[in-house]
Amino acid sequence: MAVTAQPKLDVQRIRADFPYLEELVNGKPVAFLDSAASTQKPRQVLDAMREFYEHRYANVHRGVYRLAERATEGYEGAREKVRSFVNAGSTREVIFTRSATEAINLVAYAWGLENLGPGDVVVITELEHHSNFVPWQFVANRTGASFRHIPIDDAGELQLDSLDEIAASGRVKVVANNLVSNSLGTINPVERLSAWAHEQGAIMVVDAAQAAPHRTVDVQALGCDFLALSSHKLCGPSGVGALWGKAELLESMSPFNLGGEMIRSVALERTSWNELPYKFEAGTPAIAEAYGFGVAIDYLSEIGLDSIEAHEHELVEYALGRLAELDFVRVFGPPADRRAGIVSFDVDGVHPHDVAQILDWEGVAVRAGHHCTQPLMARLGVAATTRASFYLYTIPEEIDRLVDGLVKVKAQLG
Ligand SMILES: Cc1ncc(COP(=O)(O)O)c(C=O)c1O
C-alpha cells in the first residue's frame with residue numbers, strides 16, 4: 001500500500017468544514033470516532049444541497065421548462081461524477097439506488113433469481129456485512145443454490161486456500177465480497193477473487209460501501225462485474241447510493257422495481273423497458289441527495305483519496321500502538337498495513353454497550369454492537385465489539401482521548 005509519498009492532509013483546515021466537530025459533549029470537544037457507520041457532512045455539501053433545493057429543484061427528466069432542465073443537469077452531472085469516481089466506462093452503467101444495501105439487493109434479485117438454481121454455488125465471506133450476506137442467502141434458498149462462505153483466519157484475513165474445495169462443491173455462479181470489512185477494517189484481495197470468480201464462470205459482486213470513502217476504487221482494476229457504494233459514508237447525504245454494473249449484464253437483467261420512469265412504453269397488452277440506466281430507476285429518485293453525493297465526491301477528490309488513505313493509515317497505526325498499551329483491551333483484525341481506519345476491540349469484563357456509554361460521557365463517540373456482521377462475531381467468539389473508526393477529519397488527539405476513556409472504563413467497571 002503506497003502510504004508514505006502522499007501530500008499530508010491539512011486536517012485542521014478540513015475539520016473547519018464540519019460543523020458538528022465544533023460542538024461540545026458534556027463540556028468536552030466531541031471526538032467523533034464512528035465514521036464507518038456514517039460520516040459527518042462538510043459545509044460544501046450542505047450549502048450546495050441548500051442552493052439546489054432553493055434554486056434548482058424540480059422533478060427530473062420529464063420537464064421541458066428551465067427549472068426541470070437545471071434539476072436534470074444536476075442529477076445527471078452527479079451520475080457522471082460517480083462514473084469517474086469508480087472509473088467506469090459509461091454513465092449507462094451507473095444506477096442510483098437508495099443505499100449500498102439496495103444496490104446489492106438489486107443484483108441479488110434481478111440477476112440472482114433468474115440465473116441461479118440447484119447445483120449452483122453462491123460464495124460470500126465470513127466477514128460480510130449483512131447487506132452482502134442476507135440477500136445472497138435468501139436468493140440461494142429461493143433458487144436451490146448452495147450458499148458457501150470463505151472462512152477467515154485468526155487475524156481476520158480470508159483463507160483463500162478454501163477456494164479449491166468450494167469450487168469442487170458445484171458450479172460457482174456468484175462471488176460476493178466487501179473490499180474493506182466494516183468490522184475489522186481488513187482490506188480484502190478482491191482482484192484475486194474476481195480472477196478466481198471468472199475462472200469459475202461466476203460474476204464478482206463487490207461491496208465497496210466501506211472502501212470507497214477511504215481509497216481509490218477502480219472497477220476496471222478490480223475486475224469485478226458489479227460494485228455497490230453509498231453516499232452517506234463518504235461525506236454525502238443519506239438516502240442515496242449507487243450500483244455500477246457491466247452494461248451487458250445490466251442489459252440482460254429484468255428490472256428490480258417497476259413503475260414510472262423505468263418504462264419505454266406501457267399498454268394494456270405489454271410494457272417495455274427504458275434504456276440503461278433508467279430501467280433500474282423506477283419512480284422519483286433522491287434528486288437533491290444524488291446531487292449532494294456528487295458534491296461530496298468533488299470534495300473528497302479535491303483533497304485526494306490517496307492522501308486520505310495515507311492519513312487513515314497513520315491513524316490506525318497510531319491507534320493499534322496506543323491500544324496495545326492497555327493489557328485489558330483485545331484488538332481484533334489484521335496489522336495496520338492490512339487494514340483501513342477501523343479498529344474493533346473487546347474490553348476485558350465490560351460489555352461494549354457500557355464501554356460506549358462511558359466513552360460518550362467523555363465526549364468520545366464509538367459504536368458498540370455486532371456492526372451488522374453477526375457471522376463474524378460468532379467466528380470471533382463474541383456477541384459484540386466496540387468499534388472506533390477514523391476519517392479524514394480524525395486527529396491523533398482523539399485516539400488519545402479514546403485510550404484515556406478506556407482507562408476510566410476499566411477503573412469504573414472492569
Ligand atoms: C461493508 C458495508 N456494506 C454495506 C453497508 C450498507 O450500506 P448502506 O448504509 O448504504 O445500506 C455498510 C454500512 O454500514 C457497510 O459497512
Side-chain angles (χ1 to χ4, degrees), residues 32-41 82 85-86 94-109 124-138 149-150 152 156 158 175-190 193 204-215 217 222 224 226-244 256-257 285-286 289-290 292-293 296-297 312 332-334 339-344 365-377 384-385 387-391:
F32 182 75
L33 301 181
D34 194 24
S35 292
S38 203
T39 61
Q40 293 302 315
K41 315 303 172 199
V82 176
F85 190 60
V86 300
V94 175
I95 294 152
F96 282 122
T97 59
R98 209 161 46 78
S99 57
T101 302
E102 192 182 63
I104 296 165
N105 273 273
L106 192 164
V107 183
Y109 274 84
I124 49 82
T125 81
E126 209 168 16
L127 38 64
E128 291 316 304
H129 188 282
H130 294 165
S131 294
N132 201 30
F133 186 106
V134 181
W136 293 115
Q137 187 181 46
F138 179 80
H149 72 270
I150 303 171
I152 55 166
L158 295 180
V175 180
N177 179 216
N178 58 48
L179 182 48
V180 168
S181 151
N182 65 304
S183 283
L184 299 182
T186 314
I187 300 164
N188 291 308
V190 161
L193 283 175
M204 180 74 206
V205 181
V206 177
D207 171 2
Q210 210 57 251
H214 309 287
R215 59 211 319 264
V217 166
L222 290 172
C224 54
F226 293 99
L227 181 133
L229 68 159
S230 196
S231 156
H232 73 93
K233 295 204 194 274
L234 48 77
C235 294
S238 53
V240 66
L243 173 71
W244 167 80
F256 172 49
N257 287 316
E289 289 69 22
F293 186 5
I297 285 174
E312 278 186 38
F332 301 105
R339 71 159 89 202
I342 294 174
V343 182
S344 267
V366 295
R367 185 146 296 247
H370 54 62
H371 318 295
C372 297
T373 52
Q374 284 184 340
L376 172 63
M377 296 293 119
T385 70
R387 181 186 71 185
S389 53
F390 318 131
Y391 205 17

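Numbering of ligands and ligand atoms starts at 1, following listing order.
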Where the side chain of Asp207 meets the backbone of Leu179, is there a donor-acceptor pair that is under 3.5 Å apart? no

For atom 10 (O) of ligand 1, the closest protein heavy atom turns out to be Ser230 OG, 2.5 Å

Could you identify the single nearest non-hydrogen protein atom to atom 14 (O) of ligand 1 and state the distance to 0.1 Å? Lys233 NZ, 2.5 Å

Ligand 1 and Ser131, any nitrogen or oxygen pair closer than 3.5 angstrom? no

Test your reading of the model: is there a side-chain donor-acceptor pair from Glu126 to the backbone of Leu376, 3.5 Å cut-off? no

Heavy atoms of Ala228 and Ala100 approach each other most closely as CB-O, 3.9 Å

Would you name the heavy atoms of Ala242 and Phe293 that are closest together and state the gap between them? CB-CE2, 4.0 Å

Please classify the Glu102 to ligand 1 contact at 4.0 Å (heavy-atom distances, strictly less than): side chain, backbone, both or neither. neither

Does the N or O separation between Asn178 and ligand 1 drop below 3.5 Å for any pair? no

Counting heavy atoms under 4.0 Å, the part of Ser99 that contacts ligand 1 is both

What closest approach, in Å, do Ile342 and Ser181 show between heavy atoms, and which atom pair accounts for it? CD1-O, 3.6 Å

Given His371, Arg367, His130, His129, which one has a non-hydrogen atom that is nearest to atom 5 (C) of ligand 1? His129

How close does the nearest protein non-hydrogen atom get to atom 16 (O) of ligand 1, and which residue and atom is it? Gln210 NE2, 2.6 Å

If you compare His232, Arg98, Glu128 by their heavy atoms, the one closest to atom 9 (O) of ligand 1 turns out to be His232

Can you tell which part of Asp207 has a heavy atom less than 4.0 Å from ligand 1: side chain, backbone, both or neither? side chain

Quick one: do the Asn177 and Glu128 side chains pair a donor with an acceptor below 3.5 Å? yes

Atom 11 (O) of ligand 1 [closest protein heavy-atom partner, distance rounded to 0.1 Å]: Thr101 OG1, 2.4 Å

Any sub-3.5 Å donor-acceptor pair from Arg367's side-chain atoms to Arg387's backbone N or O? no

Taking the six-membered ring for Trp, are His214 and Tyr391 parallel (under 30°), tilted (30 to 60°) or perpendicular (over 60°)? perpendicular

Residue, atom name and distance, where the atom is the protein heavy atom closest to atom 7 (O) of ligand 1: Ala100 CB, 3.6 Å

